[in-house]
Amino acid sequence: MSNAMKMVAVLLGSAMLLAAGCQDEEQQGEEIRIGLIAKSSNNPVFLAARAGAEARAAELSKEHGMNIVIDWQTPPTENAEEQANRINQLAASGADAIIVSASGAEAITPAIDSAVAQGVPVMMFDSDAPNSDRFAFYGVNDLQTGQNVIDALVGVIGDQGDVAILAGNQNAPNLQERVRGIRERVAAQYPNIRIVDVFYHVETPEDATDAVRRAMEANPQINGWAMVGGWPLFSDALVQDFKNRWPNVKIVAVDALPAQLVYVEQGVAPVLLAQKVYDWGYQSVDLTFRKLQGEDVPEINIMELVPVTPESLGEWAHQLQDWGFEDVPQRYLEMGAAGEGAATQAATAPATADGN
Amino acid sequence: MESTQTSAPPAALDYARPPVQRRLPLPRLQELGLLLVIFALWGTLAILAGGRFVNWGVQINYFKDTSIVAIMAVGMTAVIISGGIDLSVGSIYALAGVASAMVLQNPDPNSSMWAITLVGIATALAVAVGCGLINGIAVVGLKVHPFIITLGTMLVFRGVAFVATKARSIGNFPETFTDLARSNLGLHWLGVPRFVQPVPMLVMFAVTALGVMYLNAMVAGRHVYAVGGNLETARFSGLRTNGILVGVYVLVGLSAGVATTLANGIYGSASSARGVGYELRVIAAAVVGGASLSGGRGSAFGALLGALLIQLISQGISSLRIDQNYNDIIIGFAIVVAVVLDHVSRQLAERRLASAARVQAEPIEAAVETNESRSQGETR
């Protein structure tokens, strides 16, 4: 047996073993397969969305006596073209529906349209592809989110002072929309609030932290930060800076994941506006199932933000734990009552400071 | 086994004129082995995944998803054979893509769509070739290792794409252009669904065929092996090594230009984030296909097979509903196993050859010794 043949045999054997060992067990009953493509499997918010999708699929399977399977096809890192390929593959391999959060709306629109043309309904969550043939979107209203952020910040620092905006990638359309929401709200309702500047940065905790520090050094008059994303709060590097060097400066930011809660606990960010990331999956599967059953579903489904404050910190910590986050610090869990009540209450709470 | 590989010659002159049997190359043993693995894995997936894998849509999509990496892997193989490397291929793919997109976006309805399409395609190819030329001239002129040069240009090219687009996604291309990549080519008349798009697959096969012809059947292609096998020998043999080296970087640039033109058509937009990390996928495909990072060895057909195998594993993970989180682990493992096995088998073959050479040499040495003894005796 030549060496090349040996190589072939070993590779083939490995592949067959792998395939046989990893194949899902076939399940009985009518199967509905829903492909789920989030932006990246490295981001914990999308793992929570997956947990929500699988939970709703299990509930619906039980209710309707069928087998609803969530086919997780999220790329490891953000790549719109890879998403488009996976939409095509799901549609071609017989998926019944596809749920997507777009890394790049334009790049995946042809794939969505092709899937829909093949009879596979596509729904968007978190990040929309509005020009595609998708049947629905579930996520926050970005303009309103910006308004909510500045309203909450004014609630903390008062209706006068210097405010800085932290805005991540300067060309991300959803973030620009949030910034526009802040600017329009300030112009319309807060004449004594001055926007110092909008600070952009690479969307990593380290770059965001450096951006905040540079801005504070250059503009010590800043009273508050309106952060349209909570990038620097994923690291606790700024806690001591704000407590010791800039104790009167407060933050309001979007998102409230476990690593960010220390800023609420320490009073640096009296309010965080949380997206219900678990509901991205839960609600999307619910809407998709209804669509597959022939029901009419609303095209645009707005997710309300949940205010997380020192008072609701324990409750929110339990909510995160229920959603599958494994890194919720124990001290927060000990703050509030565990159980279904807390989770339901937080998940259905109206958005904060909705000025509309 | 070594004798069955496309390998560097002891002297560059062997390549000045390709032997007749090389003009119509047949798959070599390693390529046959890869083909066998691909067919066997395909058969396994067909049995285990059934209709989720065996249907027109999945199969053509499989080739389509392979095409971008495979096309660039053909160009990369030429660079690797020459003893170089190009880490900037993903950035060239991005820069040429956005440059072309800027030409194609929002076309004036009063203009000829065909003219805009042709200019768009030409722009992608010209920018990609220009980037390759910059790489080649820098490698030859500065005499710095291509790893360093292309690491730098990888950042420069992507940075230029980022600045030029302001990180926006550029789309809204004329249908004349997008229809080229998305055409069904009339296959629906044969019962193939209309959404099936075979053009990327056909382009991939065409580029591979051109690569095979260039590297195996043309004098210029054989010179690439000569340079990669032994640069000094090639130089002393009278080959214009600098021109050959610049040429392979132009080739990989050109392949990125072809790939990005296809991608613009398939996806209908381009952004500076396109192809991040693709350089490693492309190099992996070339290496799995048998290219040696020390130069002098590899083939365009092997690059195609390497890309097909890696994508088939990825496709298998999807079709078998294995958790996608294991995707990179399985593919990474498969790449390492494939390359290590190839390396080990080559070492064993070299040892066998050396051993055979010793066995052949022993009687000759004995005869020489006998002759020397006789002549010494006669002298006395």
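Lettering of chains follows the sequences in order, A, B, ..., and the numbering in each one begins at 1.
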Measure distances from B/I266 to the heavy atoms of chain A and classify the residue's part below 4.5 Å as side chain, backbone, both or neither.
-> backbone
At what distance, to the nearest 0.5 angstrom, does CG of A/N85 lie from OG1 of B/T66?
-> 9.5 Å
Between B/Y278 and chain A, which part of the residue has a heavy atom less than 4.5 Å away: side chain, backbone, both or neither?
-> side chain
For chain B, which residues of residues 106-124 of chain A have at least one non-hydrogen atom nearer than 4.5 Å to it?
-> A/E106, A/A107, A/P110, A/S114, A/Q118
Measure A/N131 against the heavy atoms of chain B and call it side chain, backbone, both or neither at under 4.5 Å.
-> neither
Is there side-chain contact between A/N88 and B/Q197, with at least one heavy-atom pair below 4.5 Å?
-> no
Contact class of B/Q315 relative to chain A, heavy atoms under 4.5 angstrom | side chain
Smallest separation among heavy atoms of B/V58 and A/A92, with atom names | N-CB, 3.5 Å
Look at A/R86, A/Q73, A/E81, A/E82 and state which one has the largest set of heavy-atom pairs under 4.5 Å with chain B.
-> A/E81
Rounding to 0.5 Å, atoms CG (B/N61) and CG (A/L90) come to a distance of 10.5 Å
At what distance, to the nearest 0.5 angstrom, does CG of A/D71 lie from CZ of B/R52?
-> 8.0 Å
Side chain / backbone / both / neither for B/I170 at chain A, heavy atoms under 4.5 Å = backbone
Between OG on residue A/S93 and CZ on residue B/R321, distance to nearest 0.5 Å | 8.0 Å
